[in-house]
There are 2 protein chains.
Amino acid sequence: MSRRSISTMADVARACGVSIQTVSAVVNDRPGISDETRLRVRAAMSELDYQPNQQARTLRGYKNPMVGVIIPSITNPYFPELVRGIEDVARRSGHGLFLCNDDYDDAKAREYFSFIRANNASGLIASPGLVARSVDGEIERQIHAFARRNVPVVFFGEQRPELPVTSIVVDAREATLDAARHLLELGHRRIGMIAPPVGLHVARERVRDVTEAFAALGHPLDSELIVAGGFDIEAGRSGAAVFMALPQMPTAILASNDLAAMGAIAALQEGGLLVPRDVSVLGFDDIPFAKVFQPSITTVAQPIYELGEAAMTAILDPAVGDPTDMPGRSIWLKAELVVRQSTGPCRERPATKRKTARSQNAPREERHDHEDHET
Amino acid sequence: MSRRSISTMADVARACGVSIQTVSAVVNDRPGISDETRLRVRAAMSELDYQPNQQARTLRGYKNPMVGVIIPSITNPYFPELVRGIEDVARRSGHGLFLCNDDYDDAKAREYFSFIRANNASGLIASPGLVARSVDGEIERQIHAFARRNVPVVFFGEQRPELPVTSIVVDAREATLDAARHLLELGHRRIGMIAPPVGLHVARERVRDVTEAFAALGHPLDSELIVAGGFDIEAGRSGAAVFMALPQMPTAILASNDLAAMGAIAALQEGGLLVPRDVSVLGFDDIPFAKVFQPSITTVAQPIYELGEAAMTAILDPAVGDPTDMPGRSIWLKAELVVRQSTGPCRERPATKRKTARSQNAPREERHDHEDHET
DNA sequence: AACGTTCATGTTAAGGTTCACATGAACGTT
DNA sequence: AACGTTCATGTGAACCTTAACATGAACGTT
């Protein structure tokens, strides 16, 4: 009844008096069909609202033109930007996206892995830190299952040379060094850090980059001033609260990412401190909002959109799915420091909570950053 | 070769010495299988990394447990929040999301409609304004095609009683009236509006709500002060620029949405004006960032997450897909005014561009708004 | 010994599309 | 008249899962 009402190739064939094979040939633009027949078939197709059945096609042996994307949090603007990069490339090759949000939750991620595999996706792009989080090797098994089918798998962030995956990695060491130098040149010495969530690969890497940078410049970070945190606004708020409760506040704060930086700035201003007058705050990632936030945020910028593009491009690269390509490749992109308004010169002994002018009139930004990737 | 390496029911059956039917029964939790066999089959399944082939299942007659979602812009934080609401409900019923981003582009939307239909999705949730934009009736045809298959279609924003769709609609009239009253009570009389993009249903509705509200309160808007705009940060920036170029600036600005409000505030502050001291700015939607932005944004809040939940719940409602339910139903939710820091008392003749204190220490917010919907 | 129940098997078919291959008609060229 | 080319048809099978139905073995109960 309900199924009856959907039209199939057979219906189209009957409607215009040709064979099913002919319809198939027209649908797939195969040669050997006269223009006249081709037009007749096309007319019947649109007449009947015919839509090739993707299930039947995929079953027959084609790949499902669909790529699974697992991200940890869709409300963190980092990921929409990433997805946009992925999608813009995917659309050009006729691929759809199967988007999954695991909320940093392993159980959900596993579920989505199965789901994507069950749907015979042509590729899988997975969120940073996912493999690292996997304790029981389940994710690794899933990855091998994908590889066995020649389905390419791309990860962000972590290199896993022993797995048949391609990694898209950001090298933030130089940019982090620039950031450290920037703060030191502004005169900051008591520098706090709101750490990323524990357990994530990016997290360890970010903390490592920062501590190495300050150590290299001869001003190692005071480990007392590294507070536990997370990747959201709330983490920034509570981190800032911790610092404000100290007898001597840091004069500059490195937030785990831009969201945390925003949370920290909000909390500081609510506490009567001005950024950057009283405290400088530096973020990571350069999400689209970092630029409009007041004050705009100085940040170690990732080429987020390009990361997405690179991931999807890797999926389309025939070499990627080939399991003989076993040892995982890595594609490197570089982070860059973008100096904006949230960092400024150190004023040792921050003034008492008197509120005076902020001097943030002209937009100042020291790098032309890449935010114009419309297709 | 590559296909050979994927395991099927037959492989599982062979591996544990039962018939294919038995494996099928185990997979689908059908009765009539002894516990002992059940366990043996399950063991073989995980041994072989077996994954039921969703294509074959769907082809056999089941629905694909997947819902297509078409949104106009994933980088507008409104939509990730909406998607989160959709996804949280979808996951509970074992549905995946097929997320598509049409960038307000009809051609892309149509493409995605076909894609979703070709994949036999169990439902379609489509972006606001989509039907209204369709000029050639193509979208309408697609909708009927979905209905013919009993696939439920849900729209945001616009009611189309003649189409077999369910609409999720926000009634913002009361809240907009509250907003107008709020601005008038603060003493504002010269009020500007940065309009939403033309052609969108929500856009017309929003402009209508605003003009009706001010008219009802006896202070009709000056149509000279309604400038063309859009739904992004840039629209806010350029709108503010237009107002700043006027001999007499408005003392309050209604932005098309929160993004535009942020852009406007950024442009105003760069131009040396303080918000809300010199100009009040009011947004729409209450995206998650409206709360952390500095100053936090007074806005006509939509229950975004709940809209997503309602949409997916409607998809799961068996009545929705039933074409006998032809005349489209509507589900109404209400908007609410949230007063934050970006609006303040009018100071006729905004001061010259001297910058003095801002008084934004304590967070003030007059409604407890709904931002805690974690599952 | 007869009976009913439980568990598993085997057979056959269907779902929509694609592919390989053999067949054949229509046409123009030699 | 023979030949090659182009376009279309027909047959049969494959992809994997599910369903309906008949069959049958093992078991315990009467």
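Order of the sequence lines sets the chain letters (A, B, ...), proteins ahead of strands, with each chain counted from 1.
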Side chain of [X] (C-beta onward), nearest among [options]:
| X | options | answer |
| --- | --- | --- |
| A:L59 | C:dT11, C:dT18, D:dC15 | D:dC15 |
| A:S19 | C:dG16, D:dG10, C:dT9 | D:dG10 |
| B:Q21 | D:dT17, C:dT11, C:dT17 | C:dT11 |
| B:Y50 | D:dT17, C:dG16, C:dT18 | D:dT17 |
| A:T22 | D:dT9, C:dG16, D:dA20 | D:dT9 |

With both distances kept under 3.5 Å, what pairs with C:dC27, Watson-Crick or G-U wobble?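 Across all strands, the one nucleotide that pairs with C:dC27 is D:dG4.
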
Any strand counts, and the cut-off is 3.5 Å on both contacts for Watson-Crick or G-U wobble. Which nucleotide pairs with D:dA13?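 C:dT18 - that is the nucleotide pairing with D:dA13, both distances being under 3.5 Å.
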
Nearest whole angstrom, please: distance from the [atom2] of [N] to the [atom1] of [X].
| X | N | atom1 | atom2 | value |
| --- | --- | --- | --- | --- |
| B:R60 | D:dT17 | CZ | P | 13 Å |
| A:R57 | D:dC16 | CZ | P | 18 Å |
| A:R38 | D:dT6 | CZ | C1' | 13 Å |
| A:N120 | C:dG16 | CG | P | 19 Å |
| A:K63 | C:dT18 | NZ | P | 17 Å |
| A:Q54 | D:dC15 | CD | P | 19 Å |
| B:E36 | D:dA26 | CD | P | 15 Å |
| A:M45 | C:dG16 | CE | P | 16 Å |

So which of A:D102, A:N101, A:D103 actually passes side-chain hydrogen bond (donor to acceptor under 3.5 Å, both in side chains) with A:K108?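 Going through the options one by one, the only one that passes is A:D103.
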
Spacing of CE belonging to A:M312 relative to CD1 belonging to A:I86, to within rounding of 0.5 Å: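 Interatomic distance, A:M312 CE to A:I86 CD1, rounded to 0.5 Å: 8.5 Å.
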
Report yes if a side-chain nitrogen or oxygen of B:S24 is closer than 4.0 Å to either non-bridging phosphate oxygen (OP1 or OP2) of D:dT18; otherwise report no.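 Yes, within the criterion.
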
Compute the centroid of each ring, for A:F98 and then for A:F115, and state whether the two points are separated by less than 6.0 Å.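 Under 6.0 Å, so yes.
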
Is the base of C:dT17 touched by the side chain of B:Q55 through a donor-acceptor pair closer than 3.5 angstrom?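 No, no donor-acceptor pair under 3.5 Å.
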
Residues within residues 27-35 of chain A bordering DNA chain C, heavy-atom distance below 4.0 Å: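 Within residues 27-35 of chain A, the residues near DNA chain C are A:N28, A:R30.
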
Using a 4.5 Å cut-off on heavy atoms from C-beta on, say whether the side chain of A:V153 contacts that of A:Q142.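 No, too far: nothing below the 4.5 Å cut-off.
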
May I ask you to check whether B:E81 and A:T75 show a side-chain donor-acceptor distance below 3.5 Å?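 No pair is found: no donor N or O on one side chain lies under 3.5 Å from an acceptor on the other.
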
Answer with yes or no whether the side chains of B:R84 and A:S73 bring together a donor and an acceptor at under 3.5 Å.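 No, no side-chain donor-acceptor pair sits under 3.5 Å.
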
Any ion pair linking A:R329 and A:D317 (charged N to carboxylate O, less than 4.0 Å)?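 The answer is yes: the pair qualifies as a salt bridge.
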
